[in-house]
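Here's the structure we're looking at; comments come further down.
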Amino acid sequence: MKRKLNRSFYRNSTLEVAKELLGKYLVIKRNGKILSGKIVETEAYIGPDDPASHAYRGITPRNKIMFGKPGYAYVYFTYGMHHCLNFVTEKAGFPAAVLIRALEPEEGIEIMKMKRKNSKMEELTSGPGKLCMAMGINRTLNGADLCGKIIFIEDRGAKIGTIVSTNRIGINLGKKRKWRFYVEGNRYISRK
DNA sequence: TATTGGATCGCC
DNA sequence: GCGATCCAATAG
């Protein structure tokens, strides 16, 4: 059974959403093609007082999606060559989001291999930049409605094992917060 | 207007 | 370990 998650899911506390997303499926339907993968790693960025969040210094043209309604995609470009995909959470006006850090590829694997120019399964989507490249995610999806038909999350009834929480990766400030979550033992997590 | 450094990746 | 390569954010 497949159930598309509705907006009320994203309105919950960001830490809850970050954990609940593990084991759910990210689905992208474009040009008659379906790409999907099981989410196995996430990170939370919460509120105006989280120094690692783009929202820390207030609203700007780039991060304004984070301040809007829950259940929308926040996609940004960084390091001159990578995109990162986030889901906006909590009520409008409160800036928070969940970064999708790793997927286990499900549908469209051959297309992902082409986009990644890499045929090694474990390298396809084991990182936030990698999964955006594999699924063709770029800033045209910034602000996309996750309750729409192009990009959404499905509960397919997958069972996951133990959830591990650690410090977040690739940031200098706010490291102490254990806001990274992943499925223990999954081969697609971004780091050991 | 100029400068700086980043929620990364892949090669050396 | 480090370079690639763009652009948002900040300082001047």
Side-chain angles (χ1 to χ4, degrees), chain A residues 10 13-22 26 37 39-68 70 72-90 94-105 111-144 146 151 153 163-183 186-192:
Chain A
Y10 302 97
S13 94
T14 307
L15 293 178
E16 281 302 308
V17 175
K19 285 183 275 191
E20 284 289 318
L21 280 171
L22 298 175
L26 170 64
I39 298 169
V40 297
E41 181 179 342
T42 59
E43 275 180 8
Y45 290 83
I46 310 173
D49 301 319
D50 176 0
S53 171
H54 286 173
Y56 185 54
R57 295 173 200 283
I59 193 166
T60 66
R62 178 174 66 158
N63 67 22
K64 65 180 180 185
I65 298 295
M66 286 184 75
F67 288 77
Y72 288 84
Y74 170 45
V75 181
Y76 65 87
F77 185 67
T78 191
Y79 293 108
M81 55 183 74
H82 295 296
H83 296 273
C84 290
L85 171 67
N86 302 253
F87 298 158
V88 177
T89 56
E90 308 203 32
F94 184 81
V98 174
L99 169 68
I100 307 304
R101 285 195 58 89
L103 302 173
E104 181 176 324
I111 296 172
M112 293 188 201
K113 286 179 178 176
M114 283 173 51
K115 288 183 184 294
R116 290 278 294 122
K117 297 187 173 71
N118 189 329
S119 59
K120 289 175 66 178
M121 277 300 294
E122 295 183 17
E123 296 292 322
L124 284 186
T125 54
S126 55
K130 295 177 190 175
L131 71 91
C132 284
M133 203 184 305
M135 300 189 89
I137 293 166
N138 57 41
R139 278 173 296 178
T140 63
L141 284 177
N142 189 39
L146 299 173
I151 176 170
I153 302 299
I163 295 176
V164 182
S165 72
T166 71
N167 53 300
R168 292 174 290 181
I169 288 178
I171 57 173
N172 293 312
L173 302 169
K175 270 184 187 164
K176 289 180 184 168
R177 296 178 169 104
K178 300 264 191 287
W179 288 353
R180 172 180 177 237
F181 304 96
Y182 65 87
V183 176
N186 191 281
R187 47 197 284 252
Y188 293 95
I189 60 176
S190 63
R191 298 194 196 180
K192 306 284 184 295

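Chain letters run A, B, ... following the sequence lines, proteins first, then strands; residues in each count from 1. As the structure is a computational prediction, the values presented were derived from the model and not from experiment.
In the set B/dA7, C/dA4, C/dA9, C/dA4 carries the atom at the smallest distance from any side-chain atom of A/Met81. Set against B/dC9, C/dA9, B/dA7, the side chain of A/His54 has B/dA7 as its closest nucleotide. Set against C/dT5, C/dA9, B/dC9, the side chain of A/Lys130 has B/dC9 as its closest nucleotide.
Contact annotation: A/Thr60 side-chain N/O to C/dA9 OP1/OP2 distance is under 4.0 Å. Phosphate contact (OP1/OP2 of B/dG10, side-chain N/O of A/Arg116, threshold under 4.0 Å): present. A sub-4.0 Å separation between OP1 or OP2 of C/dA9 and a side-chain N or O of A/Arg57 is absent.
Between the P atoms of C/dT5 and B/dA2, the separation comes to 23 Å (whole Å).
Put simply, NZ on A/Lys120 is 13 Å from C1' on B/dC11, counting in whole angstrom units. When the P atom of B/dC11 is taken as reference, atom CD of A/Glu123 falls 9 Å away, rounded to whole Å. Distance, A/Leu131 CG to B/dA7 P: 16 Å, rounded to whole Å. At whole-Å resolution of the value, OH in A/Tyr76 and P in B/dA7 are 6 Å apart. To the nearest angstrom, C1' of B/dA7 lies 16 Å from OH of A/Tyr56. C/dC7 atom C1' lies 16 Å from atom CG of A/Asn138, rounded to whole Å. Between A/His83 atom NE2 and C/dC7 atom P there is a gap of 10 Å when expressed in whole angstrom units. Here the C1' atom of nucleotide B/dA7 and the CD1 atom of A/Ile65 are 17 Å apart, to the nearest Å.
The aromatic rings of A/His83 and A/Phe77 lie tilted to each other, with the angle between the two planes from 30° to 60°.
A/Asn172 comes within 4.0 angstrom of sugar-phosphate atoms only, judged by non-hydrogen atoms across all strands, and of no base. Across all strands, A/Arg101 comes closer than 4.0 Å only to sugar-phosphate atoms, never to a base (heavy-atom distances). Among the heavy atoms of the strands lying under 4.0 Å from A/Ile171 are primed sugar atoms or P, OP1, OP2 only; no base atom is included. The residue A/Phe77 sits close only to the backbone: its heavy atoms come under 4.0 Å of sugar-phosphate atoms, none of a base. A/Gly129 comes within contact range of the sugar-phosphate backbone alone, with a heavy-atom separation under 4.0 Å but no base atom that close.
Taken from OG in A/Ser165 to CZ in A/Phe181, the straight-line distance is 5.5 Å, to the nearest 0.5 Å. Between atom CD of residue A/Glu43 and atom SG of residue A/Cys84 there is a gap of 9.5 Å, rounded to the nearest 0.5 Å. Note that the OH atom of A/Tyr45 and the CG atom of A/Asn63 stand 14.0 Å from one another [nearest 0.5 Å].
Cation-pi geometry between A/Arg101 and A/Tyr182 is not satisfied (NZ or CZ under 6.0 Å from the ring centre, within 45° of the ring normal).
Between A/Phe87 and A/Thr42 there is no side-chain heavy-atom pair separated by less than 4.5 Å.
Nucleotide B/dA7 forms a pair with no other nucleotide shown, judged by Watson-Crick or G-U wobble geometry with both contacts under 3.5 Å. With a 3.5 Å ceiling on both atom-pair distances, C/dT5 lacks any Watson-Crick or G-U wobble partner.
Residues A/Arg139 and A/His82 each lie close to DNA chain C; by heavy-atom proximity, the contact nearer the 5' end of the strand is made by A/His82.
With centres under 5.5 Å and a plane angle under 30° as the test, the ring of A/Tyr79 is not stacked against the base of C/dA4.
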